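Please read these numbers as outputs of a predicted model, since none were measured by experiment. Throughout, residue positions are numbered sequentially from 1 according to the sequence presented.
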Amino acid sequence: SRSQGGLGLGLTLVQQLVPLHGGEISAFSKGVPGQGSDFVIQLPTGKAPLEMRRAGGPEAGKRVLIVDDNMDAAETMSALVDNLGYVTSTAFDGLSALQAIKDEQPDLVLMDIGLPGLSGVEVAQRVRREVANPPALIAVTGYGQASDRDISFDAGFYAHLTKPVDVRQLQSLLGRLLDEP
């Protein structure tokens, strides 16, 4: 039973996480039982992703469309790619992805294969037929068999990443495809 409080892990976690973000934590107490304590966390302000892109850098302004029917996965990937300094947008099904590619003209698309409406493979095939200057397409999927890779490459994907994606591999791939030489 935890009728007298928690397990005592919270402060330990905070003490470990705050410095990782460049912050500091301070504790204050009057030393009187029952009077409680104050904990103050100070975190540095950082540049917003858009400000980082405006600051320059080889990837400034490069647009990446994230396509996944799992909204949490799409939002997480979008946040990751934003933090790498790229401009992102999201779509959650095949038809929306195809329309976004035509309308937004992203520089690169990270797309799941198993999508409702049109599969990622079908979107890739249509992009090859219907878009004059198609963006680089990268499959980001749970399908990782050799035959799955062959299907994605035949459909026009440049690369095939299996979930969960290795961040360093993704960063390297984005850098090779989007950053200026």
Quick check for you: to the nearest 0.5 Å, what is the distance between [X] atom [atom1] and [Y] atom [atom2]?
{"X": "Ser78", "Y": "Tyr86", "atom1": "OG", "atom2": "OH", "value": "14.0 Å"}
{"X": "Leu173", "Y": "Asp166", "atom1": "CG", "atom2": "CG", "value": "11.5 Å"}
{"X": "Thr88", "Y": "Leu110", "atom1": "OG1", "atom2": "CG", "value": "10.0 Å"}
{"X": "Leu84", "Y": "Lys62", "atom1": "CG", "atom2": "NZ", "value": "15.5 Å"}
{"X": "Leu98", "Y": "Asp103", "atom1": "CG", "atom2": "CG", "value": "9.5 Å"}
{"X": "Thr90", "Y": "Met77", "atom1": "OG1", "atom2": "CE", "value": "12.5 Å"}

Is [Y] reachable from [X] through a run of hydrophobic residues whose side-chain heavy atoms are each under 4.5 Å from the next?
{"X": "Tyr158", "Y": "Val140", "value": "yes"}
{"X": "Leu115", "Y": "Ile151", "value": "yes"}
{"X": "Phe153", "Y": "Val121", "value": "no"}
{"X": "Phe157", "Y": "Val131", "value": "yes"}
{"X": "Leu137", "Y": "Val67", "value": "yes"}

Near Phe92 CZ, under 6.0 Å, is it more than 12 heavy atoms from other residues, nucleotides or ligands? yes
Just checking Glu24: does its CD atom have more than 12 heavy atoms from other residues, nucleotides or ligands closer to it than 6.0 angstrom?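 Open: at most 12 neighbouring heavy atoms sit under 6.0 Å from CD of Glu24.
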Specify the closest pair of heavy atoms between [X] and [Y], including all atoms of both residues, with the distance to one decimal.
{"X": "Met111", "Y": "Ala124", "result": "CE-N, 4.5 Å"}
{"X": "Ser89", "Y": "Leu65", "result": "OG-CD1, 3.4 Å"}
{"X": "Glu104", "Y": "Arg63", "result": "O-NH1, 3.4 Å"}
{"X": "Ser152", "Y": "Ala139", "result": "CB-CB, 4.3 Å"}

Using the rule given for side chain to side chain contact (heavy atoms under 4.5 Å, CB included), can you reason through Val123 versus Val109, listing the C-alpha separation, both sets of side-chain angles and the distance that settles it, and then say yes or no? CA-CA 11 Å; Val123 172; Val109 179; over 6 Å; no
Contact between [X] and [Y] at the side-chain level, heavy atoms closer than 4.5 Å - yes or no?
{"X": "Asp107", "Y": "Pro135", "result": "no"}
{"X": "Leu80", "Y": "Val165", "result": "no"}
{"X": "Arg128", "Y": "Gln125", "result": "no"}
{"X": "His160", "Y": "Thr162", "result": "yes"}
{"X": "Ile138", "Y": "Leu177", "result": "yes"}
{"X": "Asp112", "Y": "Thr141", "result": "yes"}

As a quick check of understanding, evaluate side chain to side chain contact (heavy atoms under 4.5 Å, CB included) for Leu178 and Val64, giving each step before the final call. CA-CA 9 Å; Leu178 295 177; Val64 178; 3.8 Å; yes
Which is it for Asp68 and Lys163 under the side chain to side chain contact (heavy atoms under 4.5 Å, CB included) test, yes or no, and what are the steps along the way? CA-CA 12 Å; Asp68 200 313; Lys163 295 178 183 177; 2.7 Å; yes
Please determine, by modelled atom types, if Ser172 and Arg168 share a side-chain donor-acceptor pair under 3.5 angstrom. no
Test log, rule side chain to side chain contact (heavy atoms under 4.5 Å, CB included), inputs Ile113 and Asp148: CA-CA 9 Å; Ile113 297 294; Asp148 299 319; over 6 Å; no
